[in-house]
J.: 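A single structure is presented below for examination.
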Amino acid sequence: MSGLPAAAEVLDGIDLTGRTALVTGGYSGIGIEVVRALAGAGAQVLAPARRPDKAASVLAGAVSTGAGGVEVGALDLADQDSVATYAESVLAAGRSLDIVINSAGVMACPETRVADGWELQLATNHLGHYALVNRLWPAIGAGARVVSVSSTGHHLSDFRWDDPWFEDGYDKWLAYGQSKTANVLFAVHLDALAREQGVRAFSLHPGAILTPLGRHLQAEDLDAVMTLDEDGKPVLPDFRSPEQGAATAVWAATSPELDGRGGDYLEDCAIAEVVPDGPQTTYGVRGYALDPDAAARLWTWSAEVTGVDALR
Ligand SMILES: NC(=O)c1ccc[n+]([C@@H]2O[C@H](COP(=O)([O-])OP(=O)(O)OC[C@H]3O[C@@H](n4cnc5c(N)ncnc54)[C@H](OP(=O)(O)O)[C@@H]3O)[C@@H](O)[C@H]2O)c1
């Protein structure tokens, strides 16, 4: 994957001095490269983390002198009280956000319940970010972009309206797929609600990158991460570097090529094509993830579940 740009190359010539970005998951994997690139272009970056001490020590060595500053805060996306407390601290400090990149996530973890029995992947990957953006809404001004890091993993499952919490039996891959479909639908409806106020939303697949995201994978999960080559033979994905994995996120957040657009699902610094339902592929977006009615329904459901809706 040597031909793909790194995040810093995408930002070449873009000056983010005076702009503020918030990046979840900004001290690991793709997120830390997003933070490094945005700060390197001059942005002030808020990097909330559920392990703030770890985040502070990692980021202290990651962002070069002369770049914009990075501020760590405490945020556990699986805990709605923590989301509320963190968002209140941002609002109380009078911050104004130009970029929000929702990169934090968990994948294929063992069945774990939080709050009132919420399944962890949906709670973290979707509902935590849904509530965070809504609670931060007063700080997200005209011209801002909100970017959700989804995955081709969304091909694994549409939103499961009849059993979103897997009360009828847990499947870690369907749970990841559902949460990643929710990331795409969230961007679709956020964009529909917010575009009149000048805020645009996007979702994306960053590519396949070896990061701690795979910490829960077992030997038997190899099949789930394999892809098919042109002869239909299972092969490992064409892994890219974390710097390349961060490229589409910073492109979504800053590229003038996306001016006037929103709600799109992106990959490889471009708008992805819609692909038909069927086995998971390494590219493309499923129609069900872009469906505006499903996106509106998910927003209403998320508002009911979390009790938060800043854009009603
Ligand atoms: N890597 C890939 O190949 C790939 C492919 C497609 C999509 N993605 C997506 O890319 C995003 C970033 O993944 P990555 O590869 O960079 O993974 P990563 O290195 O594991 O980073 C994920 C980050 O999310 C944070 N996080 C997890 N649960 C959290 C919670 N409850 N509250 C706050 N933060 C939490 C983690 O913090 P801790 O360190 O404290 O756990 C970590 O900083 C994910 O949304 C993933 O679905 C990745």
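In what follows, every heavy atom counts, from backbone to side chain, and hydrogens, waters and symmetry copies are set aside. We count ligands from 1, going down the list as the structure has it; atoms in each ligand are counted the same way.
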J.: Ignoring hydrogens, what is the shortest heavy-atom contact between Leu4 and Gln244? Give both atom names and the distance.
T.: O-NE2, 3.1 Å
J.: How far apart are the closest heavy atoms of Ala37 and Ala8, and which atoms are they?
T.: CB-N, 4.1 Å
J.: Taking the side chain from Glu267 and the backbone from Val285, do they hold a donor-acceptor pair closer than 3.5 Å?
T.: no
J.: In a check of salt bridge (Lys or Arg N to Asp or Glu O under 4.0 Å) between Arg145 and each of Asp98, Asp259, Asp191, which one passes?
T.: Asp259
J.: Determine, using heavy atoms of Met107 and all atoms of ligand 1, whether some pair is separated by less than 4.0 Å.
T.: no
J.: Identify, by atom number and element, the atoms of ligand 1 in contact range of His205, meaning under 4.0 Å from any of its heavy atoms.
T.: 6 (C)
J.: Can a donor-acceptor pair be found between the side chains of Thr24 and His129 at a distance below 3.5 Å?
T.: yes
J.: Under 4.0 Å between a side-chain nitrogen and a carboxylate oxygen: does that hold for Glu119 and Arg160?
T.: no
J.: Could you tell me which atoms of ligand 1, counted from 1 in the order shown, lie closer than 4.0 angstrom to a heavy atom of Val149?
T.: 9 (C), 10 (O), 11 (C), 45 (O)
J.: Report the nearest protein non-hydrogen atom to atom 8 (N) of ligand 1: residue, atom name, distance rounded to 0.1 Å.
T.: Pro206 CG, 3.7 Å
J.: Return the residue, atom name and 0.1 Å-rounded distance of the protein heavy atom closest to atom 31 (N) of ligand 1.
T.: Asp76 OD1, 2.8 Å
J.: Should Tyr176 and Val184 be counted in the same cluster of Ile, Leu, Val, Met, Phe, Trp and Tyr side chains packed under 4.5 Å apart?
T.: no
J.: Rounded to the nearest 0.5 Å, what separation is found between the NZ atom of Lys180 and the CD atom of Gln121?
T.: 9.0 Å
J.: Atoms of ligand 1 less than 4.0 Å from Arg51 heavy atoms?
T.: 38 (P), 39 (O), 40 (O)
J.: Determine, using heavy atoms of Arg215 and all atoms of ligand 1, whether some pair is separated by less than 4.0 Å.
T.: yes
J.: Can you give me the closest heavy-atom contact between Asp264 and Leu266, atom names plus distance?
T.: CB-CD2, 3.9 Å
J.: Gly263 and Val188: which non-hydrogen atoms are nearest, and at how many Å?
T.: O-CG2, 3.7 Å
J.: For the 3.5 Å polar cut-off, considering only N or O atoms, please tell me whether Ile209 and ligand 1 meet it.
T.: yes
J.: Just jot down the ligand 1 atoms closer than 4.0 angstrom to any heavy atom of Gly25, in number order.
T.: 23 (C), 24 (O), 43 (O)
J.: Flag yes if Leu136 and Leu190 sit in one hydrophobic cluster, no otherwise; membership is Ile, Leu, Val, Met, Phe, Trp, Tyr, and two members link when side-chain heavy atoms are under 4.5 Å apart.
T.: yes
J.: Please state whether Phe239 comes within less than 4.0 angstrom of ligand 1, counting heavy atoms only.
T.: no
J.: Any heavy atom of Thr24 sitting closer than 4.0 Å to ligand 1?
T.: no
J.: Can an N or O of Gly26 be found at a distance shorter than 3.5 Å from an N or O of ligand 1?
T.: no
J.: Does Ser151, backbone or side chain, put an N or O under 3.5 Å from an N or O of ligand 1?
T.: no
J.: Is it the case that ligand 1 has an N or O less than 3.5 angstrom from some N or O of Ile30?
T.: yes
J.: If you count the atoms of ligand 1 from 1 in the order shown, which ones are under 4.0 Å from a heavy atom of Gly29?
T.: 16 (O), 19 (O)
J.: How close does the nearest protein non-hydrogen atom get to atom 14 (P) of ligand 1, and which residue and atom is it?
T.: Thr211 OG1, 3.5 Å
J.: Among all protein non-hydrogen atoms, which one is nearest to atom 32 (N) of ligand 1, and what is the separation to 0.1 Å?
T.: Leu77 N, 2.8 Å
J.: Residue-level breakdown please: for Leu213 versus ligand 1, do any non-hydrogen atoms fall below 4.0 Å on the side chain, on the backbone, on both, or on neither?
T.: both
J.: May I ask you to establish whether Arg51 and Tyr27 are in a cation-pi arrangement, using a distance under 6.0 Å from NZ or CZ to the six-membered ring centre and at most 45° from the ring axis?
T.: no
J.: Tell me which protein heavy atom sits closest to atom 47 (O) of ligand 1, plus the residue, atom name and distance to 0.1 Å.
T.: Tyr176 OH, 2.6 Å
J.: Measuring from atom 11 (C) of ligand 1, which candidate in Ser82, Ser103, Gly207 has the nearest non-hydrogen atom?
T.: Ser103
J.: Checking Glu9 side chain against Ala6 main chain: does a donor-acceptor pair fall under 3.5 Å?
T.: yes
J.: Is ligand 1 less than 4.0 angstrom away from at least one heavy atom of Ala123?
T.: no
J.: Measuring from atom CH2 of Trp137 to atom CG of Leu97, what distance do you get when rounded to the nearest 0.5 angstrom?
T.: 10.5 Å
J.: Distance-only, no hydrogens or angles: does the Thr181 side chain make a donor-acceptor pair with backbone N or O of Ser157 under 3.5 Å?
T.: yes
J.: In ligand 1, which numbered atoms sit nearer than 4.0 Å to a non-hydrogen atom of Ala208?
T.: 3 (O)
J.: Which atoms of ligand 1 have any heavy atom of Lys180 under 4.0 Å away?
T.: 44 (C), 45 (O), 46 (C), 47 (O)
J.: Quick one: look up the protein heavy atom nearest atom 40 (O) of ligand 1 and list residue, atom name and how far away it is.
T.: Tyr27 OH, 2.5 Å
J.: Consider ligand 1: state whether an atom of it lies below 4.0 angstrom from any non-hydrogen atom of Ser150.
T.: yes
J.: Taking all atoms of both residues into account, what is the closest heavy-atom pair of His154 and Arg286, and its distance?
T.: NE2-N, 3.0 Å
J.: Between Ser28 and ligand 1, is there a nitrogen or oxygen pair with a distance under 3.5 Å?
T.: yes
J.: Could you say whether the N/O atoms of Gly105 and ligand 1 ever approach to under 3.5 Å?
T.: yes
J.: What protein heavy atom is closest to atom 29 (C) of ligand 1, reported as residue, atom name and distance in Å?
T.: Arg50 NE, 3.5 Å
J.: How close does the nearest protein non-hydrogen atom get to atom 25 (C) of ligand 1, and which residue and atom is it?
T.: Ala104 CB, 3.8 Å
J.: Within ligand 1, which atoms have a heavy atom of Leu75 less than 4.0 Å away?
T.: 32 (N), 33 (C)
J.: Would you name the heavy atoms of Ala253 and Ile101 that are closest together and state the gap between them?
T.: CB-CD1, 4.0 Å
